[in-house]
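In this chain, numbering begins with 1 at the start of the sequence shown. Note that the structure is predicted; figures quoted are calculated from it, not measured. Numbering of ligands and ligand atoms starts at 1, following listing order.
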Amino acid sequence: MKKKRGVFLAGNWKMYNGPGAARSFLSKLVERVKSSQTIEKAIMEHRLVVALFPPALSLHVFREGKEMFPFLKYGTQNVHWEKEGAYTGEISVPMLQEMACDYAIIGHSERRQLFGETDIAVGKKVCACIAGGITPVLCVGETLEERERNSTFEVVERQLTEALKDVSPKDVLASLIVAYEPVWAIGTGKNARDEDAQDVCRHIRELLSRRFGEEAGEAVSILYGGSVKPGNVEGLLRQADIDGALIGGASLQVDSYLEIIEGALKVLA
Ligand code: PEP
């Protein structure tokens, strides 16, 4: 089955790959992508998006190299909803615009769990991104305890409802990506089974369609994240409602990220 929405691959570098490591990663990646006509072709034909989310301090390396690798999209792992102000340690949407970012990851479970990010804060960040022309990659997903209590659908519904409460169908159509990331699968080496991930992603699409209309629900790319690796990416991407992957550990090395890209190409073939 051909992917309706193409495939979106997002590499979340978390707090790895500072400017020096980012520079060598990018030069190796550019060289390898340029020597593979299939990757470039799939990107040019808008069937594949390859994106990276480095730590904010490495963004300037992406900005400076943008002409060298126009095929590569990038963004941040977080952003504040205010444009500027006394918010020590934060970065804003205008700063992302200055760095020519395409996307921002919003509501990653590490931000929710380790930094106390609430559904309300996530909602404000989503709105600030959309208003500033940055596409939010909105993360939702249940903990192990919630899964064992059979509350997965309820949890993602609450997270989506809160995050998107001030968003219009037009915004959803033009600028939204959702990543389903079960918390118990992130960085653990234990990915969700293909069909379980598909069930939740289908549920997310149904929720979006119900709230924003079928056209918007069908247009949104829904990614799966949680221990995606070269060995499991193909099975996950073959699911009808999984349009891509959010990849942590396996996006840190050029070789494994490229193997994942190659797995996506097989699904697109
Ligand atoms: C993530 O960072 O969102 C993630 C899914 O990490 P990993 O692929 O390492 O589980």
Checklist entry - Any ion pair linking Asp243 and Arg205 (charged N to carboxylate O, less than 4.0 Å)? => result yes
Checklist entry - Are the aromatic rings of Tyr103 and Phe8 close, with centres under 6.0 Å apart? => result yes
Next on the checklist: Test of understanding: given a 4.0 Å heavy-atom threshold, classify the contact between Ile186 and ligand 1 as side chain, backbone, both, or neither.
Outcome noted: both
Checklist outcome for this item: If you scan protein heavy atoms around atom 9 (O) of ligand 1, the nearest is Gly249 N, 2.9 Å
Checklist entry - Quick one: nearest non-hydrogen protein atom to atom 8 (O) of ligand 1, plus distance? => result Gly248 N, 2.8 Å
Checklist outcome for this item: Contact region, Glu110 to ligand 1, non-hydrogen atoms below 4.0 Å, reads neither
Item to check | Contact check, Lys229 vs ligand 1, heavy-atom distance below 4.0 Å | outcome: no
Item to check | Any N/O pair Gly225/ligand 1 closer than 3.5 Å | outcome: no
Next on the checklist: Would you say that Glu84 contacts Ser92 through its side chain, given a criterion of any heavy-atom pair below 4.5 Å between the two side chains?
Outcome noted: no
Checklist outcome for this item: Under 4.0 Å from one or more heavy atoms of Leu246, ligand 1 contributes atoms 3 (O), 5 (C)
Item to check | Test item, Ala250 contacting ligand 1 (heavy atom, 4.0 angstrom) | outcome: no
Item to check | Sub-3.5 Å N/O-N/O distance, Gly226 and ligand 1 | outcome: no
Checklist entry - For Gly187, is at least one N or O under 3.5 Å away from an N or O on ligand 1? => result yes
Item to check | Where ligand 1 meets Ala185 - atom numbers and elements under 4.0 angstrom, heavy-atom basis | outcome: 10 (O)
Checklist outcome for this item: Short version for Cys139: what comes under 4.0 Å of ligand 1, heavy atoms counted, is neither
Checklist entry - Can you find an N/O atom of His108 closer than 3.5 Å to an N/O atom of ligand 1? => result yes
Item to check | Passing option when Phe62 is tested against Phe25, Phe53, Tyr74 for ring pair (Phe, Tyr, Trp, His ring centres under 6.0 Å) | outcome: Tyr74
Checklist entry - Can you list the steps and then say if Lys125 with Asn78 is a side chain to side chain donor-acceptor pair (under 3.5 Å)? => result CA-CA 8 Å; Lys125 290 177 184 202; Asn78 183 29; 2.8 Å; yes
Item to check | atom 5 (C) of ligand 1: nearest protein contact (heavy atom, Å) | outcome: Glu181 OE2, 3.1 Å
Item to check | No-hydrogen, no-angle side-chain donor-acceptor test under 3.5 Å, Trp13 and Gln77 | outcome: no
Checklist entry - side-chain hydrogen bond (donor to acceptor under 3.5 Å, both in side chains) with Thr188: which residues, sequence neighbours excluded? => result none
Checklist entry - Which atoms of ligand 1 have any heavy atom of Ser227 under 4.0 Å away? => result 7 (P), 8 (O), 10 (O)
Checklist entry - Under 4.0 Å between a Lys/Arg side-chain N and an Asp/Glu carboxylate O for Asp166 and Lys124? => result no
Next on the checklist: Side-chain heavy atoms nearer than 4.5 Å, only ILVMFWY residues, links allowed to pass through others: does that put Leu237 and Ile222 together?
Outcome noted: yes
Checklist entry - Do Arg32 and Asp255 come within less than 4.5 Å of each other through their side chains, counting heavy atoms only? => result yes
